[in-house]
Amino acid sequence: MKVDLKRQKMFVAGDWVERERVLEVRNPEDDDLIAVVPRASRKDMEEAVELAKKGAQVSAHLPVYKRMNILNKAADYVETHKETYAKTIALEGSKTITEARKEAGRCVETLRLSAEEARRVTGETIPFDQSEGGVGRFGYYERVPLGIIGAITPFNDPLNLVAHKIGPAIASGNAIVVKPATATPLSALFLAEAFDYAELPKGILSVITGIGSEVGQVLMTHPDVRMISFTGGMEAGLKIANQAGLKKKSMELGSNSPVIVLEDASLEEAIPSCVSGAFWAAGQNCIGVQRIYIDQSIYKEFKDQFVKETKQYRLGPKLDESTSMGPLIHEKEAKRVAFMVEDAERTGATILTGGKRDGAFYEPTVLENVPEDCHLGREEVFGPVVLLYSFQTLTEAIEKANQTDYGLQAGLFTKDLHRAFTLIKQLHVGGVMINDSTDFRIDGMPFGGTKQSGVGREGVKFSIHEMTEEKVICFKLA
């Protein structure tokens, strides 16, 4: 397995195919051409769904031990070629090689966890005689696969977030058609290569590369697709919700994650954690730290140390081991972030460090005095920008943390258990990380948010629950 400049093929129901029309995959660091991939047509996606109908039948009848063997064998393949996967993630996306290695390792873990959870797709017996009319009956329910899962994945975790769709789908006996991000299709194709190596039966998996408006539209509206699993922006999520029709939906749509730092917090833990949480993958992280609310008694000390540590970040080539942060995924994204920062500065915000753009690179940026009604205060920046605020009371901190349309994860730094539990109950989010950054996540936990951060939960066990449904069986006894 190697990555070089050539025409890549896409994976259609177990076969590798080419197309005349292609899409270029470019390195956002210098705009160098890495590879070209097929630009699938609507007809290609329709064919993939049609083939997945047969694949769903095969997958549903695949014994659990075979599903487990396939998932573990695919995990072995990724683990054996982990450095190549990491290099691919770094080349086509924004992550440094250090960050990319971590993602490749998590992909292995996600696939192994999927194999383990395959044995736990179970049901329960039902006491039908709890009702007078149910006497003389015995039964149970089981969880059965939905059929065809449509998956639309983002650029910021181009390997592991694809594994989070494919692994649970196979574990639960479904077929799956993946439409990876247009900017980062290579990682998804190489993951399909792992399943091809693992001898996944034909029809169960397709990875279709193309433009979302062409092929993504077909996938999300096709009547034979029983569920859409989407990770991406809120606007696209709302469009899917409006157009997908009567099918299950699992959508993770981003956030504007708050951290609250109380006066008793350990700054030696809080500051490095929040710096990493803000600037990991150039801030292109749905659970990245965006707003930090600091008790006024420690605000200056926190600010000074936070800015000092931020200034130590080194921008540079992604494959350089000493690089702390790479570019954003496109220059236009860096320009968008620059506009949001400039807008905040015009309305009274102060830039403490950063705020400069060079092509697709944007410096790690820290601001204070940011008006809460400007773009940065309300919206998801999805870039290397963090806002510092001071607060006087715990009630004020909670109100400000909740003052957004998003609710994915929040962070809290304190040694006081009583106050920790007070915040846990009052923060309107899907997860609260105590003495940790908002971007802490393991692949086995339920992951998702409230409000406009999405619908449903990911995390292998919980994705399997979303990708299956209950079937009741009842025997009327003689």
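In what follows, residues are counted from 1 in the order of the sequence shown. Note: hydrogens, waters and symmetry copies are ignored here, and every other heavy atom, side chains too, is used.
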What pairs meet the ring-ring contact (aromatic ring centres under 6.0 Å, His included) rule with one or both residues in residues 241-272, with sequence neighbours excluded?
none

Just do the side-chain contact (heavy atoms from CB on, under 4.5 Å) check on Tyr77 and Tyr85 with the steps written out, would you?
CA-CA 10 Å; Tyr77 186 87; Tyr85 276 96; 3.6 Å; yes

Any donor-acceptor N/O pair, Glu466 side chain to Arg457 backbone, under 3.5 Å:
yes

Test item: Thr221 side-chain N/O and Ala244 main-chain N/O as donor-acceptor pair under 3.5 Å
no

Looking only at atom types and distance, does a side-chain atom of Glu103 sit under 3.5 Å from a main-chain N or O of Asn160, one as donor and one as acceptor?
yes

Spacing of Leu394 atom CG and Thr414 atom OG1 [to the nearest 0.5 Å]
8.5 Å

Just wondering, do Glu321 and Ile97 contact through their side chains at under 4.5 Å, heavy atoms?
yes

Shortest non-hydrogen separation from Ala90 to Ala100 and the atoms involved:
N-CB, 4.0 Å

Considering only residues two or more places apart or on different chains, which pairs with a residue in residues 175-190 satisfy side chain to side chain donor-acceptor pair (under 3.5 Å)?
Glu92-Ser187, Lys179-Thr182

Closest approach of Pro28 and Ala360, non-hydrogen atoms and distance?
O-CB, 3.5 Å

What residues form a salt bridge (charged side-chain N to carboxylate O under 4.0 Å, His left out) with Glu470, not counting sequence neighbours?
Arg143

Not counting sequence neighbours, list each pair that qualifies as a ring-ring contact (aromatic ring centres under 6.0 Å, His included) and has a residue in residues 383-438.
Tyr293-Tyr389

Evaluate side-chain contact (heavy atoms from CB on, under 4.5 Å) for Val207 paired with Leu205, printing each intermediate quantity in order.
CA-CA 7 Å; Val207 177; Leu205 171 64; 4.3 Å; yes

State whether the side chain of Arg291 and the backbone N or O of Asn256 hold a donor-acceptor pair below 3.5 Å, judged by distance alone.
yes

Verdict with supporting geometry, His375 and Phe339, side-chain contact (heavy atoms from CB on, under 4.5 Å):
CA-CA 10 Å; His375 292 292; Phe339 169 80; 4.3 Å; yes

Could you give the distance from CG (Leu412) to CG (Asn435), rounded to the nearest 0.5 Å?
7.0 Å

Under 3.5 Å donor-acceptor, Lys249 side chain and Gly237 backbone:
no

So which atom in Leu408 and which in Cys286 form the shortest heavy-atom distance, rounded to 0.1 Å?
CD2-O, 3.7 Å

Would you sort out whether Leu253 and Phe230 count as a side-chain contact (heavy atoms from CB on, under 4.5 Å), showing the intermediate values?
CA-CA 8 Å; Leu253 306 179; Phe230 172 74; 3.5 Å; yes

Does atom NZ (Lys461) have a neighbourhood of more than 12 heavy atoms from anything else shown, all under 6.0 Å?
no

What is the distance from atom CD1 of Ile464 to atom CG of Leu113, rounded to the nearest 0.5 Å?
8.0 Å

I'd like to know if the side chain of Asn174 and the backbone of Ile148 have a donor-acceptor N/O pair within less than 3.5 Å.
no

All ring-ring contact (aromatic ring centres under 6.0 Å, His included) counterparts of Phe195, not counting sequence neighbours:
none

Any side-chain heavy atom of Tyr299 sitting closer than 4.5 Å to one from Glu368?
yes

Who are the side chain to side chain contact (heavy atoms under 4.5 Å, CB included) partners of Lys82, not counting sequence neighbours?
Ala104

On a heavy-atom basis, which atom in Ile149 and which in Ser229 lie closest, and how many Å separate them?
CG2-CB, 4.4 Å

Does the salt bridge (charged side-chain N to carboxylate O under 4.0 Å, His left out) test come out yes or no for Lys102 and Glu99, once each step is laid out?
CA-CA 5 Å; Lys102 184 174 180 181; Glu99 294 168 333; over 6 Å; no

ring-ring contact (aromatic ring centres under 6.0 Å, His included) contacts in which one or both residues fall within residues 303-325, not counting sequence neighbours
Phe279-Tyr313, Phe302-Phe306

Between Asp358 and Pro327, is there a side-chain heavy-atom distance shorter than 4.5 Å?
no

Any pair with a residue in residues 155-178 that passes salt bridge (charged side-chain N to carboxylate O under 4.0 Å, His left out), sequence neighbours left out, goes on the list, sorted by first then second residue, please.
Lys95-Asp157, Lys165-Glu458

Donor-acceptor under 3.5 Å (Glu79 side chain, Val108 main chain)
no

Side chain Asp264, main chain Lys415, donor-acceptor under 3.5 Å
yes

Heavy-atom distance under 4.5 Å between the side chains of Leu376 and Val385, does that happen here?
yes

Can Lys73 be said to sit on top of Tyr197's aromatic six-ring, NZ or CZ under 6.0 Å from centre and within 45° of the ring axis?
yes

Quick note, side chain to side chain donor-acceptor pair (under 3.5 Å) partners involving residues 270-284, not counting sequence neighbours, are Ser94-Gln284

Does Asp416 have any salt bridge (charged side-chain N to carboxylate O under 4.0 Å, His left out) partners at least two apart in sequence or in another chain, and if so, which?
Arg419

Interatomic distance, Asp32 atom CG to Leu91 atom CG [nearest 0.5 angstrom]
9.5 Å

If we ignore hydrogens and angles and just use 3.5 Å, is the side chain of Gln290 paired with the main-chain N or O of Val381 as donor and acceptor?
yes

Filter on side chain to side chain donor-acceptor pair (under 3.5 Å), then keep only pairs touching residues 323-333, sequence neighbours left out; what's left?
Arg314-Thr323, Glu331-Arg357, Glu333-Arg336

Between the side chains of Arg226 and Glu469, is the shortest nitrogen-to-carboxylate-oxygen separation below 4.0 Å, so that they form an ion pair?
yes

So, the side chain of Thr365 versus the backbone of Gly354: is there a donor-acceptor pair under 3.5 Å, distance only?
no

Are any of the side-chain nitrogens in Asp304 or Lys300 under 4.0 Å away from the carboxylate oxygens of its partner?
yes

Contact summary for Ser257 and Thr438, nearest pair of heavy atoms
CB-OG1, 3.6 Å

Salt bridge (charged side-chain N to carboxylate O under 4.0 Å, His left out) contacts touching residues 373-384 (sequence neighbours left out)
none

Ser255 to Gly407 - nearest heavy-atom pair and separation:
OG-N, 4.4 Å

In Å and rounded to the nearest 0.5 Å, what is the CD to CG distance from Gln8 to Leu186?
5.5 Å

